[in-house]
Participant: 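One structure coming up, written as structure tokens, with questions to follow.
Remember, predicted model here, so these are calculated numbers, not experimental data.
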Amino acid sequence: MFIMMTLFACFPLIIGILGLFLLKKSRISIALFMFLVNIILWQLDVAVLYAHKILNIETIDFLFRLFRSGSIFLAPNLLYISYLVLTELVPDIRKSLWRYVLNKFMIILLFAWGAIVFLIGMTRYGIDRLEMMNGFEGYSFLFPIGGYGSGFYLSMLIIMFTCLFISFLLSKKITDKEMRSYLRQFLFATTIGYTIGFFNIFPQSKLLASSIAVIVFATSIFITIIRIHQKKIKVMNSELKRQQDFLRTIIDMNPSFIYAINQKREFTLVNKAFAEFYGMTPLEMEGKSKEILSSNDRRGFKQENVNDVKITKEQFIPEEITFDKQGNKKWLQTVKIPIHTSNNEKIVLGVSIDITIRKKQEEEMKYLAYHDTLTGLPNRRMFMKDLKDLTRKAEQDNNYLAVLFLDLDRFKYINDTMSHSAGDTLLSLVAYQLESCIREEERGYLVYRIGGDEFTIILPDSHTLEAELFAKKILKKFNEPLNIKGNTVIITPSIGISIYPEDALDADTLMKNADIAMYYVKERGKNGYEIFKPNMKETYF
């Protein structure tokens with residue numbers, strides 16, 4: 001009987017440990033565990049009364065009085081559990097009149113009173129003696145005979161039922177129907193179990209009532225723990241789903257292209273903007289391989305913006321070129337981040353921003369910085385840059401280079417007499433004529449408008465002969481009349497030529513010498529060309 005009753009005490013212990021594991025050592029799980037420990041002690045104080053064939057009377061007497069603390073502290077432990085549940089689920093209870101009944105002070109007071117009852121029970125005043133009696137099927141047991149102070153122990157019974165009654169009343173204030181049901185189930189089972197255990201004060205029960213009570217207590221708490229755990233999982237799943245939906249909404253509202261790729265090169269996350277960019281929906285892309293972007297119906301789409309799962313650290317790609325669902329060229333700016341998940345799976349998170357408009361604006365600004373807005377020709381800045389680069393190349397290749405400086409004759413007269421609008425039209429026609437001459441040559445010649453009616457031409461890999469032939473070609477071209485707003489106009493150029501490295505070794509001097517040669521032509525009748533000679537400097541100045 002002693003061994004059997006001791007084994008009964010192991011059942012609540014297993015459930016208590018299970019509760020700590022499932023409820024993650026929360027305050028409620030710890031309180032339930034302590035409640036079960038008290039039940040275990042209550043069962044052991046009964047079991048030891050059947051151990052008279054194993055232990056001596058003095059030892060049994062001491063252990064019984066010690067283990068009696070289990071049944072004594074059940075009441076304050078129960079009130080503490082109710083306090084935790086109600087203050088968490090009914091915050092307003094602290095503002096109601098019930099706060100005078102259910103509070104930390106009252107719980108501490110009950111534990112203190114329980115300690116006093118326990119200390120009294122350790123004396124002869126609480127338990128006078130243990131008396132041998134006949135038990136179940138001939139098994140004899142020791143039965144405690146109360147002393148003069150046994151009423152103190154009975155006060156804990158009254159307190160226990162009072163706490164149960166108060167907890168039942170307060171459970172009505174719990175708005176969560178499931179949690180209210182859990183608490184009431186626990187209180188009801190505790191009432192039944194405690195009532196059954198109460199019969200242990202009568203020797204006719206053979207001390208078997210406590211074992212039944214332990215089963216009731218342990219089963220009830222086990223069911224309560226499982227249901228609270230299920231509720232917790234349900235709440236967690238609901239919260240996780242809510243957070244996932246919220247995160248999904250934020251990701252889909254983000255205009256950036258957001259996507260994630262796993263080690264199988266499958267999309268695990270695709271936001272709305274990224275999917276629409278390729279003419280699909282997130283559902284069509286998620287779970288599919290990245291090769292879906294190069295399927296037959298999307299042939300020609302580039303994938304530079306799609307991540308490589310082999311990256312090991314954060315990568316920033318300032319510019320990527322791809323094509324949208326219409327096949328339009330797009331520029332993207334991308335950040336790629338490797339992430340290791342909790343199950344040791346590696347995914348790569350990519351966030352791309354469409355910088356096409358900015359890129360086009362930058363290219364337009366760059367174009368305007370290096371081109372003439374009227375004629376579309378490269379301007380003085382581009383001319384000087386190209387001339388320096390080509391001069392260095394000619395030096396490296398041990399080659400020649402020619403620079404032509406062209407100025408229109410009588411342009412000011414035409415501009416003043418026919419209007420500035422006509423002058424602009426004339427400049428555009430001149431630019432077209434010069435570009436036509438260059439296209440016909442197919443030798444990589446470059447033409448620029450450097451300001452006003454001044455144009456320059458660079459002839460790479462060209463010496464004096466090539467420069468003169470091209471200058472003559474230009475003069476011949478300008479013999480043809482031009483039509484401006486119904487008026488026939490003949491405009492002639494004056495052309496100065498300088499050769500690298502004969503006339504200068506740097507771009508600035510080449511430009512200056514060609515300018516001098518051009519003015520030399522102006523002074524001697526216009527509509528011609530001249531190769532720079534050193535003595536022109538004296539004449540010019």
Side-chain angles (χ1 to χ4, degrees), residues 375 377-380 382-411 429-451 453-482 490-541:
T375 63
L377 294 177
N379 59 14
R380 178 184 289 271
M382 180 63 82
F383 167 70
M384 293 306 300
K385 180 180 179 299
D386 289 348
L387 184 56
K388 289 177 182 178
D389 292 341
L390 291 170
T391 302
R392 282 194 293 269
K393 186 176 185 302
E395 181 183 6
Q396 293 170 359
D397 298 342
N398 195 23
N399 210 337
Y400 294 95
L401 178 146
V403 176
L404 277 63
F405 194 112
L406 184 150
D407 184 88
L408 300 179
D409 302 328
R410 299 185 308 110
F411 175 76
L429 290 172
V430 169
Y432 178 76
Q433 296 279 58
L434 294 175
E435 287 184 302
S436 298
C437 293
I438 286 173
R439 282 195 296 271
E440 291 169 4
E441 290 293 322
E442 297 182 351
R443 296 187 58 182
Y445 293 170
L446 303 169
V447 60
Y448 307 82
R449 182 192 175 203
I450 61 172
D453 59 340
E454 296 177 335
F455 297 82
T456 55
I457 302 172
I458 300 177
L459 310 182
D461 305 328
S462 299
H463 200 263
T464 306
L465 178 61
E466 289 88 347
E468 287 189 279
L469 288 174
F470 191 68
K472 289 177 181 178
K473 183 175 184 175
I474 292 174
L475 292 172
K476 182 179 178 181
K477 191 80 170 179
F478 276 81
N479 285 333
E480 300 173 6
L482 301 174
I490 294 178
I491 187 79
T492 59
S494 294
I495 305 172
I497 303 171
S498 64
I499 307 296
Y500 172 87
E502 295 177 352
D503 300 329
L505 296 176
D506 63 273
D508 291 331
T509 308
L510 274 173
M511 167 73 168
K512 183 178 179 182
N513 290 343
D515 188 18
I516 291 172
M518 182 274 295
Y519 272 98
Y520 190 85
V521 175
K522 288 275 189 184
E523 293 293 329
R524 281 159 178 73
K526 306 179 179 64
N527 192 22
Y529 73 90
E530 283 290 343
I531 305 295
F532 172 79
K533 297 178 181 60
N535 64 343
M536 287 181 179
K537 290 184 179 180
E538 299 176 3
T539 304
Y540 175 72
F541 287 111

Participant: To the nearest 0.5 Å, how far apart are CG in D515 and NZ in K512?
Facilitator: 9.5 Å

Participant: Specify the closest pair of heavy atoms between A517 and I531, including all atoms of both residues, with the distance to one decimal.
Facilitator: CB-C, 4.4 Å

Participant: Would you check if I491 and D453 make a side-chain contact, meaning some heavy-atom pair closer than 4.5 Å?
Facilitator: no

Participant: Can you find a heavy atom in the side chain of L434 that is under 4.5 Å from one in the side chain of I474?
Facilitator: yes

Participant: With no hydrogens and no angle check, just 3.5 Å: does a side-chain donor-acceptor pair link S494 and D409?
Facilitator: yes

Participant: If every non-hydrogen atom of L377 is compared with every non-hydrogen atom of A431, which pair is closest and at what distance?
Facilitator: CD1-CB, 3.5 Å

Participant: Is any side-chain heavy atom of M382 closer than 4.5 Å to a side-chain heavy atom of L446?
Facilitator: no

Participant: Between Y500 and E395, is the side chain to side chain contact (heavy atoms under 4.5 Å, CB included) condition met? List the steps.
Facilitator: CA-CA 9 Å; Y500 172 87; E395 181 183 6; 3.1 Å; yes

Participant: Rounded at 0.5 Å granularity, tell me how far CG in L404 sits from OH in Y529.
Facilitator: 10.5 Å

Participant: Less than 4.5 Å apart, any side-chain heavy atom of F411 and any of V430?
Facilitator: no

Participant: Using every non-hydrogen atom in the two residues, find where D503 and I497 come nearest and quote the distance to one decimal.
Facilitator: OD2-O, 4.4 Å

Participant: Provide the closest heavy-atom pair for S498 versus L510 in the form atom of the first, atom of the second, distance.
Facilitator: OG-O, 2.8 Å

Participant: I'd like to check R392 versus D389 (side-chain heavy atoms, cut-off strictly below 4.5 Å). Are they in contact?
Facilitator: yes

Participant: What I'd like to find out is whether the side chain of D461 reaches to under 4.5 Å of the side chain of D397, using heavy atoms alone.
Facilitator: no

Participant: Would you give the length of the straight line joining atom CZ of F383 to atom CD1 of I458, rounded to the nearest 0.5 angstrom?
Facilitator: 5.0 Å

Participant: Is atom CG of N479 surrounded by more than 12 heavy atoms (other residues, nucleotides or ligands) closer than 6.0 Å?
Facilitator: yes

Participant: Supply the atom-to-atom distance T492 OG1 to I490 CD1, rounded to the nearest 0.5 angstrom.
Facilitator: 9.0 Å

Participant: Working to the nearest 0.5 Å, report the span between CG of L390 and NZ of K385.
Facilitator: 9.5 Å

Participant: Show the nearest heavy-atom pair for residues P493 and L406, with the distance to one decimal.
Facilitator: CB-CG, 3.7 Å

Participant: Does this structure show an ion pair linking E530 with R524, if we count only N-O contacts that are shorter than 4.0 Å?
Facilitator: no

Participant: Verify the neighbour count for atom NZ of K533: are there more than 12 heavy atoms of other residues, nucleotides or ligands below 6.0 Å?
Facilitator: yes

Participant: With side chains defined as the heavy atoms from C-beta onward, is the minimum distance between D508 and M384 less than 4.5 Å?
Facilitator: yes

Participant: Would you check, one step at a time, whether the test side chain to side chain contact (heavy atoms under 4.5 Å, CB included) holds for M511 with R380?
Facilitator: CA-CA 11 Å; M511 167 73 168; R380 178 184 289 271; 3.6 Å; yes

Participant: Apply side chain to side chain contact (heavy atoms under 4.5 Å, CB included) to residues L459 and Y400 and explain how you reach the verdict.
Facilitator: CA-CA 9 Å; L459 310 182; Y400 294 95; over 6 Å; no

Participant: List the steps, then state whether side chain to side chain contact (heavy atoms under 4.5 Å, CB included) holds for N513 with V403.
Facilitator: CA-CA 9 Å; N513 290 343; V403 176; over 6 Å; no

Participant: What's the separation between atom CD in E454 and atom CE in M518, rounded to the nearest 0.5 Å?
Facilitator: 5.5 Å

Participant: For P460, does its backbone N or O pair with a side-chain atom of S462 as donor and acceptor, under 3.5 Å?
Facilitator: yes

Participant: If we ignore hydrogens and angles and just use 3.5 Å, is the side chain of E466 paired with the main-chain N or O of H463 as donor and acceptor?
Facilitator: yes

Participant: Mind listing the closest non-hydrogen atom pair of K522 and L408 along with its distance?
Facilitator: NZ-O, 3.2 Å

